[in-house]
Structure formats: structure tokens, C-alpha cells
Amino acid sequence: MRDYRIAAIPGDGIGTEVIAAGLQALAVCAERDGGFRLAVDHFDWGSAYYKKHGVMMPADGRDRIRGHDAIFFGAVGAPDVPDHVTLWGLRLAICQPFDQYANVRPTRILPGITSPLRAVSGPELDWVIVRENSEGEYAGVGGRVHQGFPYETATDVAMFTRVGVTRIMRYAFRLAQSRPRKLLTVVTKSNAQRHAMVMWDEIAAEVAAEFPDVTWDKMLVDAMTMRMVTKPESIDTIVATNLHADILSDLAAALAGSLGIAPTGNINPERAFPSMFEPIHGSAFDITGKGIANPIATFWSGSMMLEHLGETAAAARLMRAVERVTADPRLHTPDLGGSATTAMVTDAVCEALVGDNS
Ligand code: IPM
Ligand code: MG
């Protein structure tokens with residue numbers, strides 16, 4: 001029996017609802033598989049914890065989860081706590097020290113789901129965005145001076161290191177190589193940002209030489225948004241900086257039907273630290289407590305987690321169950337235009353898992 005220890009951090013808002021749903025599906029998935037067990041430890045870190053203790057997680061928080069095999073994360077963000085506090089106090093406080101430098105964001109139009117792109121139904125849109133997750137515009141470098149004076153000044157400096165860019169390029173080229181089309185688009189903005197983005201392009205070309213079987217091209221980020229809408233079929237794997245990929249991945253999620261579907265993995269490829277899997281959508285306080293959050297992004301993130309743990313058969317089975325459920329419009333939550341609840345979707349995925357005999 002293969003045993004895995006999972007750290008569950010539901011966080012804020014609908015994070016608690018979707019992580020509960022995700023853990024329910026993962027438990028059924030493990031039982032159905034029979035070959036592995038998931039031991040889940042729960043951590044109540046987030047904005048409620050912050051209001052009580054003045055910090056988003058305890059000082060030894062990272063040490064408590066360092067030994068786990070993976071982290072299953074919900075969302076952070078609360079209306080009455082500044083966003084930069086919640087983000088830097090918990091999510092980035094895990095991603096950066098655990099060197100989860102590759103943020104992987106697959107996008108597909110799942111069965112039964114309508115894309116806002118009129119001509120696109122499914123196979124035309126099957127992308128993976130690789131987001132640099134450790135530096136760039138999210139490096140946290142900068143400062144504010146002269147606060148309270150008319151000449152107040154603030155900077156956010158985007159930091160790019162040769163090591164950081166090289167490793168994300170290698171990760172992206174390797175991922176592109178593992179996919180049938182072996183096609184990578186390197187997103188850049190080297191026309192306007194003439195230092196770091198020029199180095200980014202140079203390193204992309206250097207790393208490309210190590211992957212002669214991968215076809216690659218370069219695209220300015222603004223033009224990339226147009227290409228995603230007008231020629232989705234021309235894209236397969238994408239690599240972009242932290243901020244560029246943040247923006248492109250919301251566009252990708254919308255084009256695939258809803259942010260409620262989009263999953264992500266914050267990966268430490270060397271496995272020196274646990275990797276973290278989460279839905280992209282965030283805490284969504286407007287629908288918190290209503291029981292209507294879409295759990296599909298969390299199930300898909302759970303499938304990515306199983307894949308990372310090496311449980312590929314179970315990961316595929318969970319995705320098959322998800323696709324059986326999305327194919328039925330009666331099981332669509334309100335973000336997809338339906339009226340199903342989180343519980344209905346979760347029960348249906350669990351039933352599909354039990355009934356999957358392949
Ligand atoms: C994401 C989110 C986060 C980000 C927010 C919550 C700060 O938008 O994961 O894409 O910008 O990284
Ligand atoms: Mg985002």
C-alpha cells in the first residue's frame with residue numbers, strides 16, 4: 001500500500017467548501033483504486049486565523065508541512081484584510097520558500113461546457129500555461145519612500161535571474177516535448193522591457209537548442225491575448241513570466257468556459273519540497289456559504305496532485321469522472337449557467353468514480 005500525507009489548507013471564502021468537496025472525491029478515488037491511501041492533516045490558516053493571531057499562519061507553519069507529500073490549497077483573500085497581506089502571508093509564503101517555481105495551468109474545454117468563442121468546441125483549445133512562479137514581477141522587491149508627502153514614491157522591481165529563467169524554460173520545453181504536438185510559445189515583452197525581457201528571449205533561444213524536436217515561437221504578450229481568442233488551435237504549451245501568465249491564465253479560464261474549472265499546480269520539480277495544488281478562482285466572498293461554488297477546479301487540481309504523486313491511473317480516473325459530470329448540464333453550477341450545488345456535483349463525481357470500471 002502506498003501512503004501519502006497531504007496537508008490541506010482550505011483558507012478563506014469558498015476555499016473551505018471546495019477543499020471539503022475535493023477531499024471527499026479524493027477519498028473515494030483512493031478507495032476505488034485500492035493501491036494507495038491519503039492521510040490528510042488539516043490546517044486552519046488564513047484570514048480568520050489572522051484576525052485572531054495577527055499572522056496568516058504560525059511562525060513554524062512551513063516546518064509543519066515541509067514533510068508532507070503535497071499541499072491541497074483552497075484560496076486566500078477576505079474583504080476586510082488587505083489582499084497583499086493575505087497573499088504574502090500565506091500563499092506566497094509557501095510558494096517562494098518551497099521553491100515551487102513552476103506554476104502549471106492546464107486549460108481545456110471540458111465536455112458539455114460552452115466556450116464564449118463561437119467557433120470553438122473542444123479540441124481546438126487544449127493548452128498548458130507554465131507560469132514562472134518564483135521571481136519576476138512577484139519578486140517583492142521595491143519600496144515606498146516619502147509617504148505622506150506629495151512626492152511620495154513607490155517602486156515594484158521585476159527581478160529576473162539567469163538561473164530562474166533557465167529553469168522555467170527547461171521545464172516548459174520538457175513539458176511541451178511530452179505533449180503530442182511538441183509546440184511551445186514563449187511569451188515576452190522585449191520590445192518595451194529592454195533588459196530583463198531581452199535576457200528572457202536569449203535564454204529561451206539557448207534552451208531551445210537543447211530541445212530540437214520542440215517547435216517554438218515567440219509572441220509579445222499583448223499580441224498573445226489576440227491569438228488566444230482568434231487562433232486558439234495554433235497554441236499548445238505556453239511559457240510566460242509571473243505576471244504575464246497570471247493575466248493570460250484568467251483569459252484562458254474564461255475562454256474555456258469558467259474560472260470555476262481552472263486548476264493549478266505550484267510545482268517544485270526537484271521534489272526538495274512539497275508541491276501545492278489549488279483551484280485558480282480565489283475566495284469568492286460573494287458566493288461564500290451559499291453552497292454553489294464550482295468544485296470542478298478543485299477536482300482537477302486534485303487530479304494533478306495524484307499525477308504528481310505518481311498515481312497516474314487514479315488521476316486519469318478522476319478526470320474521466322469530472323468529464324462525465326460536466327457533460328450533463330443539469331450538473332452545472334451557476335458560474336456555468338446552471339443551478340446545481342457544490343454537493344450535487346461532488347456526489348455525481350463520486351458516483352462516477354465508483355462506477356468507472358476501466
Ligand atoms: C492567481 C491569483 C493570484 C496571483 C492572486 C490571488 C494574488 O490571481 O493564482 O492567478 O495573482 O498570483
Ligand atoms: Mg490570477
Side-chain angles (χ1 to χ4, degrees), residues 9-19 22 45-50 56-57 71-107 127-142 156 158-160 164 168 187 221 224-225 228 238-268 275-288 293-294 296-298 300-302 304-305 335:
I9 309 175
D12 301 337
I14 60 168
T16 53
E17 300 168 36
V18 294
I19 290 299
W45 305 337
S47 298
Y49 189 95
Y50 175 82
M56 292 290 289
M57 68 170 167
I71 304 163
F72 200 38
F73 191 89
V76 277
D80 48 356
V81 184
D83 283 339
H84 64 274
V85 170
T86 55
L87 180 66
W88 284 93
L90 188 57
R91 192 165 158 276
L92 291 183
I94 295 173
C95 285
Q96 296 196 343
F98 281 0
D99 214 15
Q100 295 165 346
Y101 63 83
N103 183 251
V104 179
R105 303 187 158 193
T107 307
W127 305 333
V128 189
I129 299 178
V130 177
R131 170 179 179 181
E132 202 298 312
N133 211 34
S134 69
E135 53 179 33
E137 308 87 345
Y138 283 58
V141 176
D156 271 300
M159 297 286 294
F160 289 85
I168 200 65
V187 173
V221 64
M224 188 64 181
T225 60
M228 286 166 71
I238 299 167
V239 63
T241 71
N242 214 329
L243 182 63
H244 290 166
D246 175 43
I247 297 164
L248 294 181
S249 60
D250 267 26
L251 174 58
L255 296 178
S258 168
L259 197 55
I261 290 171
T264 188
N266 300 281
I267 311 284
N268 171 249
S275 293
M276 180 159 79
F277 299 85
E278 56 171 342
I280 292 185
H281 50 61
S283 50
F285 267 82
D286 52 330
I287 59 161
T288 298
N294 191 345
I296 296 293
T298 305
W300 194 343
S301 303
M304 290 177 76
M305 182 168 81
D335 56 300

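Both counts, for ligands and for their atoms, begin at 1 and track the order of listing. Heads up: numbering here begins at 1 and tracks the sequence.
Considering only heavy atoms from C-beta on, W300 comes within 4.5 Å of I261 through its side chain. Taking the side chain as every heavy atom from C-beta outward, M56 and Y49 never approach each other to under 4.5 Å. Using a 4.5 Å heavy-atom threshold, the side chains of D156 and E137 count as separate.
Minimum heavy-atom separation, S47 to T86: OG-CG2, 3.4 Å. When every heavy atom of E132 is checked against every heavy atom of G136, the shortest pair comes out as OE1-N, 4.2 Å.
For F98, the CZ atom sits in a packed shell: over 12 heavy atoms of surrounding residues, nucleotides or ligands are nearer than 6.0 Å.
Within 4.0 Å of ligand 1, contacts by protein heavy atoms are made from L87, R91, R105, R131, Y138, D246.
Here the CG atom belonging to N266 is positioned 11.0 Å from the OG atom belonging to S134, to the nearest 0.5 angstrom.
Of the candidates I267, T298, T264, I71, I267 is the only one forming a side chain to side chain contact (heavy atoms under 4.5 Å, CB included) with F277. With H281 as reference, L259 is the one residue of N294, D250, L259 to meet the side chain to side chain contact (heavy atoms under 4.5 Å, CB included) rule.
Here the protein contributes D246 OD1 as N, O or S atoms under 2.8 Å from the Mg ion (ligand 2).
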